[in-house]
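Below: one structure, written as structure tokens.
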Amino acid sequence: MTEPPSGADRPLLPLRFRRQAVPWEEQRATWRQARAAEIAAGLKRASSRPSGNWYAVGSSRGIRADRPAGRTVAGVEVVLWRDADGGLHAGPGACPHLGAALKDGVVRCGTLICRWHGLALDGSPFAGWDPWPVHDDGVLVWVRLDRVGGEEPTERPVVPLRPPVDRAVTAVYTGVGVCEAEDVVANRLDPWHGAWLHPYSFVDLEVLSAPEGGVSEEEDALVVRVSFKVSGRVVVPVTAVFTAPEPRTVTMRIAEGEGAGSVVETHATPLTPRGAARPRTAVVEAVMATSHRTGFAVARSLAPLLRPAMRSASGRLWRDDLAYAERRWRLRSTGSFPGS
């Protein structure tokens with residue numbers, strides 16, 4: 001991986017002007033390169049990797065100290081809250097007394113209190129309620145559900161290499177689609193669609209290398225050269241690397257160009273039980289932007305103002321990508337998917 005330029009070697013502005021821009025319909029077709037068998041093979045390799053039964057359930061900022069939060073993973077209700085010291089707790093979302101939704105409870109001094117009859121939980125086992133392992137990595141919150149995952153549990157989730165949180169601007173987008181987790185992962189393992197499906201964001205996309213046959217986990221990466229569209233013919237060219245470190249995660253890391261080291265981490269969390277007639281999956285996507293430029297410190301100070309725009313950009317892309325994933329699932333569910 002090439003180190004980002006420094007000092008005089010770094011251009012004053014990361015922008016480039018596309019002198020030979022072509023209309024959308026005249027760009028080079030990528031359907032021959034986007035081979036269904038290769039995408040399926042990448043999906044199979046990702047599916048074979050351990051997850052430790054961890055599921056990404058949302059943003060760290062989304063779990064507050066003043067009230068509980070409710071999530072659903074594979075049909076299982078989960079409640080999360082923070083104690084008086086900011087520590088995270090998670091467990092079954094139904095009150096063990098009469099089944100009230102604990103997400104509708106209140107938190108007082110770090111204790112979760114059920115609104116139906118006042119049963120109080122401090123995060124330790126009580127009255128048949130047992131906590132589940134939970135992890136806050138500073139950007140995302142994870143819950144370990146061993147009965148759902150069925151794998152050998154691990155102490156921590158598989159969190160890919162990231163830029164340090166204190167040197168990045170982070171934002172988390174969550175969307176929901178009618179599909180299975182594998183359809184979301186398959187979408188991310190198909191970078192060839194980028195400039196065709198998202199012409200408002202990507203141009204001049206070229207997949208430089210894709211794994212073939214038996215490869216090691218270290219070699220299992222898609223390397224892509226692409227330009228992010230700024231306005232008109234003004235773009236920011238980068239080289240990005242896509243990897244799948246576990247069954248429900250795909251990461252895109254900028255290896256060369258402006259923002260080298262930045263990461264987009266996409267997690268697919270099933271909301272419905274396995275085999276549901278109408279499956280629903282949450283896309284939990286963390287964007288961690290960083291830069292070696294001196295002026296990036298100003299961007300970090302403006303992070304609260306930048307996060308809504310970052311989430312909006314992710315949301316625009318996922319309107320298209322969830323349509324892709326949902327279409328893929330519909331075809332698979334009727335036995336008519338060409339890539340079967």
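Values reported hereafter were calculated over all heavy atoms of this structure, with side chains retained and with hydrogens, waters and symmetry mates removed. Bear in mind the structure is a predicted one, so any value in this text is a computation, not a measurement.
At a threshold of 4.5 Å between non-hydrogen side-chain atoms, the residues Val76 and Trp132 count as touching. Side chains of Val73 and Val57 form a contact here, defined as non-hydrogen atoms less than 4.5 Å apart. With contacts defined as side-chain heavy-atom distances shorter than 4.5 Å, the pair Pro125/Pro131 qualifies. Met288 places none of its side-chain heavy atoms less than 4.5 Å from the side chain of Arg253. Contact annotation: the side chain of Ile63 approaches that of Arg71 to within less than 4.5 Å [non-hydrogen atoms, C-beta and beyond]. At least one side-chain heavy atom of Arg307 sits under 4.5 Å from a side-chain heavy atom of Arg61. Contact annotation: the side chain of Val283 approaches that of Thr266 to within less than 4.5 Å [non-hydrogen atoms, C-beta and beyond]. Side-chain contact between Ser209 and Leu222 is absent, with no heavy-atom pair separated by less than 4.5 Å.
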Listed pairs under 3.5 Å, donor-acceptor, residues 85-101 side chains, sequence neighbours left out:
residue: His89; atom: NE2; partner: Asp83; partner atom: OD2; Å: 3.0
residue: His97; atom: ND1; partner: His117; partner atom: ND1; Å: 3.3

Please output the side-chain donor-acceptor pairs of residues 236-251 that fall under 3.5 Å, not counting sequence neighbours, one pair per line with the distance.
residue: Thr243; atom: OG1; partner: Thr251; partner atom: OG1; Å: 2.8
residue: Glu246; atom: OE2; partner: Arg248; partner atom: N; Å: 2.7
residue: Glu246; atom: OE2; partner: Thr249; partner atom: N; Å: 3.1
residue: Glu246; atom: OE2; partner: Thr249; partner atom: OG1; Å: 2.9
residue: Arg248; atom: NH2; partner: Ser51; partner atom: OG; Å: 3.1
residue: Arg248; atom: NH2; partner: Trp54; partner atom: O; Å: 3.0
residue: Thr249; atom: OG1; partner: His267; partner atom: ND1; Å: 2.8

Listed pairs under 3.5 Å, donor-acceptor, residues 198-207 side chains, sequence neighbours left out:
residue: His198; atom: ND1; partner: Tyr200; partner atom: OH; Å: 3.1
residue: His198; atom: ND1; partner: Asp320; partner atom: OD2; Å: 3.4
residue: His198; atom: NE2; partner: Asp321; partner atom: OD1; Å: 2.9
residue: His198; atom: NE2; partner: Asp321; partner atom: OD2; Å: 3.3
residue: Tyr200; atom: OH; partner: Arg316; partner atom: O; Å: 3.3
residue: Tyr200; atom: OH; partner: Asp320; partner atom: OD2; Å: 2.5
residue: Asp204; atom: OD1; partner: Arg18; partner atom: NH2; Å: 2.8
residue: Asp204; atom: OD2; partner: Arg18; partner atom: NE; Å: 2.8
residue: Glu206; atom: OE1; partner: Arg225; partner atom: NH2; Å: 3.0

Could you pull out every donor-acceptor pair under 3.5 Å between side chains of residues 134-147 and any protein atom, sequence neighbours left out?
residue: His135; atom: ND1; partner: Arg156; partner atom: NE; Å: 3.3
residue: Asp136; atom: OD1; partner: Ser60; partner atom: OG; Å: 2.6
residue: Asp136; atom: OD1; partner: Gly138; partner atom: N; Å: 2.9
residue: Asp136; atom: OD2; partner: Arg82; partner atom: NH1; Å: 3.3
residue: Asp136; atom: OD2; partner: Arg82; partner atom: NH2; Å: 2.9
residue: Asp137; atom: OD1; partner: Val139; partner atom: N; Å: 2.8
residue: Asp137; atom: OD1; partner: Leu140; partner atom: N; Å: 2.7
residue: Asp137; atom: OD1; partner: Arg162; partner atom: NH1; Å: 3.0
residue: Asp137; atom: OD2; partner: Trp142; partner atom: NE1; Å: 2.8
residue: Asp137; atom: OD2; partner: Arg162; partner atom: NH1; Å: 3.2
residue: Asp137; atom: OD2; partner: Arg162; partner atom: NH2; Å: 3.0
residue: Arg144; atom: NE; partner: Asp146; partner atom: OD1; Å: 3.0
residue: Arg144; atom: NE; partner: Asp146; partner atom: OD2; Å: 3.4
residue: Arg144; atom: NH1; partner: Thr154; partner atom: O; Å: 3.1
residue: Arg144; atom: NH2; partner: Asp146; partner atom: OD2; Å: 3.2
residue: Asp146; atom: OD1; partner: Asn53; partner atom: ND2; Å: 3.0

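The main-chain N or O of Pro308 is never found under 3.5 Å from a side-chain atom of Ser312 such that the two would form a donor-acceptor pair. Counting only distance, with no hydrogens or angles, the side chain of Thr272 and the backbone of Arg280 share a donor-acceptor pair below 3.5 Å. At least one donor-acceptor pair under 3.5 Å links the side chain of Glu326 to the backbone N or O of Val178. The closest donor-acceptor contact from the side chain of Ser291 to the backbone of Phe296 lies at 3.5 Å or more, if one exists at all. Within the 3.5 Å criterion, the main-chain N or O of Arg35 finds no donor-acceptor partner in the side chain of Glu38.
Taking the charged nitrogens against the carboxylate oxygens, Arg332 and Glu180 do have a contact shorter than 4.0 Å, which makes a salt bridge. For Arg293 and Glu258, the salt-bridge test passes: some basic side-chain N is under 4.0 Å from an acidic carboxylate O. One finds no salt bridge joining Asp104 and Arg115 here, because no Lys/Arg side-chain nitrogen approaches an Asp/Glu carboxylate oxygen to under 4.0 Å. Taking a cutoff of 4.0 Å between a charged side-chain nitrogen and a carboxylate oxygen, Arg300 and Asp166 do not qualify as a salt bridge.
The shortest non-hydrogen separation linking Trp329 to Pro279 is CZ2-CD, 3.2 Å. Closest heavy-atom contact between Ala120 and Thr111: CB-CG2, 3.7 Å. Heavy atoms only, all atoms of each residue included: Ala181 and Thr281 are closest at N-OG1, 3.3 Å.
Counting side-chain heavy-atom gaps under 4.5 Å among Ile, Leu, Val, Met, Phe, Trp and Tyr, the cluster of Val176 also holds Leu271.
Taking CG of Asp122 as the reference point, atom SG of Cys109 lies at 12.5 Å (rounded to 0.5 Å). One distance of note links CD1 of Ile39 with NE2 of His193; it measures 9.5 Å at 0.5 Å rounding. Summarising the geometry, atom OG1 belonging to Thr269 is positioned 8.5 Å from atom OH belonging to Tyr55; distances are rounded to the nearest 0.5 Å. Remark: Glu182 CD to Leu189 CG distance equals 11.0 Å, nearest 0.5 Å. Rounding to the nearest 0.5 Å places CD of Glu285 at 8.5 Å from CE of Met252. Considering CH2 of Trp192 and OG1 of Thr30, their distance stands at 9.0 Å, rounded to 0.5 Å.
Hydrophobic clustering places Val107 together with Phe126 (ILVMFWY residues linked when any side-chain heavy atoms are closer than 4.5 Å, directly or through intermediates). Note: the hydrophobic cluster containing Trp116 does not contain Trp81 (ILVMFWY, side chain heavy atoms under 4.5 Å, direct or indirect links). Side-chain heavy atoms closer than 4.5 Å link hydrophobic residues (I, L, V, M, F, W, Y) into clusters, and following such links, even through other members, never connects Val284 to Leu322. Under the 4.5 Å side-chain heavy-atom criterion for Ile, Leu, Val, Met, Phe, Trp and Tyr, Trp129 and Leu112 are members of the same hydrophobic cluster. In the hydrophobic clustering of ILVMFWY residues, with side-chain heavy atoms under 4.5 Å counting as a link, Val184 and Leu43 come out apart.
Asp183 pairs in a salt bridge (charged side-chain N to carboxylate O under 4.0 Å, His left out) with only one of the listed residues (Arg330, Arg327, Arg328), which is Arg328.
Other residues, nucleotides and ligands place no more than 12 heavy atoms under 6.0 Å from the CD atom of Glu155.
With sequence neighbours excluded, the residues satisfying side chain to side chain donor-acceptor pair (under 3.5 Å) with Tyr324 are Asp190.
For Trp31 and Trp196, the gap between ring centers reaches or exceeds 6.0 Å.
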